[in-house]
Amino acid sequence: MYLDNRSKTLFQEVIKNPNITNKQLEVKYKLSRYQISYSFQKVNEWLKWKNYPEVKRSKNGRFILEPELTALFSEKETRDPSVEYLPSENERANLILLMLLTAKEELSLAHFTTKIQVSKNTILRDLKVAQKLLPKETTVTYSRASGYQLAGSEWELRKVLTQVVSSVKEMFRGEHYFLSYSGIEKVQLMEIRRTLEEAEAMMQIKFTYEQIELLPYLLSVMFLRIRDRRLIDTAFHIDEKSLSDTREYHITDILLEKTGPVPEQERLFITLQLLTTNIFSGEILTEKLTEDLEKVVLTCLDLFEKKALVSLKNKHILIEKLLLHLKPAYYRIKYQMNLEDTLYEKFNQEFEALNFIVKEAFDPLAKFIGREIPAGEIFFISLFIGSDMIPQNDIYHKQKRAIVLCPSGVTFSKIMENILVKLFPEIHFYPTISVREYAFFKAEVDIVFSSIPLKDGENVFVVQPFMNDIEKTQLRQQVLQNLFGMGNQLTNIDKIMEVVERNADINDPNAIRDGIIDILSANTATNENKRVKKVYLHDLITEDNIMICEDVKNYQESIRLASQPLLLQQAITANYVKTMIDNHKFHDPYIIIGEDIAIPHAMPNAGVNRLAMSLLVVKNGVYFSETEQVHFVIVIAPVDKEQHIEALYQIVHLAENHQILDDLLENVTKEKIMQTINQLVIREDE
């Protein structure tokens, strides 16, 4: 008996978070109450079949798990290949596409029905689903003479190949289905895997766990298509000069040794597969491309510091991390090999301000590559920079030590690292590594955070990057209880709810329970763990902080005048004003944003007592360079790297809207300015 994916996912969620409510499951997985109830019926049938205790519910609907269930998914299930399993609609669609990509003969409906063992009508519906999975440049076609085929350029079909093989690999018994539906022998996969491991040693790198598992499947299908002369159109120009001096290009000699001679375009494409594979760790390669990239990245980070008003302390380490990501990203972007990735959309609100500034700061990189940097890649860069901006305690020897492991590559690990560092300020985090690397990790570790269960090791917490506030609180409670023996008050919630239900009439028990969690969380969380309230422009610039004048002599006077409200409020010192003036470079006025706003500022240690901003409007304008005149001077006094980012994002947004600024200058008043600022508020619930 096999547990379907939805039921297994819900069961794992409850094991990981036994305090989750039915309503929370409905919202998180977009399921109905009936669907969840039906899934847990199947879970209990499956548990009974495996001689495990069933999942029970308390009177108030809470999940009750026997201790032995919590370890049920700690090791990989032993799966019997003879178990009958009916793939889902999407899985069947991907299997059909795999058959089309690897077909050695004409395929008819009979081929699909016989192989997948479903009716013709089901296959016809699956073919429509398969078409929806394809990019607009490709399509499923049918003719009596040729049967079902995939139409489109070979370049586009290779992108489809990557998506389809990845999806099939992730299925239950994915390898079994891949081998069965592609006709590829397992020995081929093993040979390619061995060759890739040799390549790792030669290039002195480590591919991510996910990629070293996936590449043999991808390359085996590519080799099959090459042997069948389904080749990339030579009209698509890949710049041979930019690839032939890479180590990866020479690795193809080993990979193609048994395949025989192939067109140069194919060899270049295989090189791209290696180049665009995310590298988790390794020495920076000393090719000219990497040297040029390093210079561009340094330029971008310098620009980011100026635009975000921050100083990145560990810039050399950040550059190394970024280069490991950007080398494969360079080729993905340049040759438009980016797959659709909506992961960043789930974190769009949290990273929106940072993404906006990163996108502007990394414009030199876009020009260097010759293409616009996709939103997903901007998000990944923001993750790296955001990690560097999170403050960590320097007294490492007094702290508990933790490490984050992830088999899925840099993306998920960086998301988890960002969340966990903020969630546990009292813990020192080693640099994130892959599960493969952890086997050779020698430093002492008190706690391990991993996205997948580990067979061995104590104090391992399985976490996911997608956690709501309650899940974060519960994780913090569990970790602190484990490390420091701090009492876990959340375990008493069911008892509290039972008392409430016995003595009161309640309409919404879930709301009451969530409220109790909030109260207990507030009592136990450290000050560092409390969620930092976003600070917007209207929080900092009030009517008291606005000044309006006709003229000023020069930019020095404008900075002094704009600073007056903050000096009177003792938010800044006179030395801060002097430093702002000294910092300004008349020949290189980087503090001008847009065409009409200047944002003088300095580092916090120059004399900032608290986060503050003030605004001076000069009706006739003031020159901050020989040619650039501004009418708005906003003094910014930052206290750290983060708190002013949202307000700064609003200033940048305002600077780009010339119509709003022109309207403001016409009969300008403090009331008119405040009305405009209030309209810029970005609400958290939007």
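Sequence positions, counted from 1, serve as the residue numbers for this chain.
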Which pair of non-hydrogen atoms, one from [X] and one from [Y], has the smallest distance, and what is that distance?
| X | Y | answer |
| --- | --- | --- |
| Pro216 | Leu196 | CD-CD1, 3.8 Å |
| Asn94 | Ser167 | ND2-CB, 3.6 Å |
| Glu646 | Val535 | CB-O, 3.5 Å |
| Ala602 | Thr579 | CB-CG2, 3.7 Å |
| Thr138 | Gln131 | O-NE2, 3.4 Å |
| Pro638 | Pro604 | O-CG, 3.2 Å |

Inter-residue atom distance [X].[atom1] - [Y].[atom2], 0.5 Å rounding:
| X | Y | atom1 | atom2 | result |
| --- | --- | --- | --- | --- |
| Cys300 | Leu322 | SG | CG | 9.5 Å |
| Leu293 | Glu291 | CG | CD | 10.5 Å |
| Ile192 | Leu218 | CD1 | CG | 9.5 Å |
| Leu365 | Phe368 | CG | CZ | 8.0 Å |
| Phe356 | Ser382 | CZ | OG | 12.0 Å |
| Ile677 | Leu540 | CD1 | CG | 9.5 Å |

Check your understanding: With the threshold set at 4.0 Å, does a side-chain nitrogen-carboxylate oxygen contact exist between Glu305 and Lys315?
Key ->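 A salt bridge links Glu305 with Lys315.
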
Point to revise | Salt bridge flag under 4.0 Å for residues Glu372 and Lys359 | key: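 Salt bridge: yes.
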
Residue pair [X] / [Y], side-chain heavy-atom distance below 4.5 Å:
| X | Y | result |
| --- | --- | --- |
| Ile651 | Ile636 | yes |
| Val221 | Thr102 | yes |
| Thr195 | Leu219 | no |
| Leu611 | His644 | yes |
| Leu420 | Ile427 | no |
| Ile597 | Ile592 | no |
| His631 | Leu661 | no |
| Leu224 | Arg230 | yes |

Check your understanding: Between His538 and Asn678, is any side-chain donor less than 3.5 angstrom from a side-chain acceptor?
Key ->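 No.
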
Test salt bridge (charged side-chain N to carboxylate O under 4.0 Å, His left out) applied to [X] - qualifying residues, sequence neighbours left out:
| X | value |
| --- | --- |
| Asp663 | none |
| Lys367 | Asp363 |
| Arg193 | Glu197, Glu213 |
| Arg158 | Glu154, Glu266 |

Would you say [X]'s side chain and [Y]'s backbone share a donor-acceptor pair under 3.5 angstrom?
| X | Y | value |
| --- | --- | --- |
| His584 | Phe624 | yes |
| Gln650 | Leu537 | yes |
| Asp302 | Thr299 | no |

Plane angle bin for [Y] and [X] - parallel if under 30°, tilted between 30 and 60°, otherwise perpendicular:
| X | Y | answer |
| --- | --- | --- |
| Tyr430 | His428 | perpendicular |
| Phe461 | Phe449 | tilted |
| Phe424 | Phe429 | tilted |

**Study point:** Tyr217: ring pair (Phe, Tyr, Trp, His ring centres under 6.0 Å) partners, not counting sequence neighbours
**Key:**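 So Tyr217 forms a ring pair (Phe, Tyr, Trp, His ring centres under 6.0 Å) with Phe178.
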
Practice item. Would you please name every residue forming a ring pair (Phe, Tyr, Trp, His ring centres under 6.0 Å) with Tyr623, sequence neighbours left out? Key: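 Tyr623 satisfies ring pair (Phe, Tyr, Trp, His ring centres under 6.0 Å) with no other residue.
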
Practice item. Apply side chain to side chain contact (heavy atoms under 4.5 Å, CB included) to the pair His658 and Asp596, showing each step before the final yes or no. Key: CA-CA 8 Å; His658 305 301; Asp596 213 8; 6.0 Å; no

Practice item. Take Phe362 and Ile385 through the test side chain to side chain contact (heavy atoms under 4.5 Å, CB included) and record every step on the way to the result. Key: CA-CA 12 Å; Phe362 275 73; Ile385 295 177; 3.8 Å; yes

Exercise for review: Please lay out, stage by stage, how Val633 and Leu615 fare under the test side chain to side chain contact (heavy atoms under 4.5 Å, CB included).
Suggested key: CA-CA 6 Å; Val633 180; Leu615 167 64; over 6 Å; no

Exercise for review: Let me see the working for Gln163 and Leu133 under side chain to side chain contact (heavy atoms under 4.5 Å, CB included), right down to the final yes or no.
Suggested key: CA-CA 9 Å; Gln163 192 65 59; Leu133 296 177; over 6 Å; no

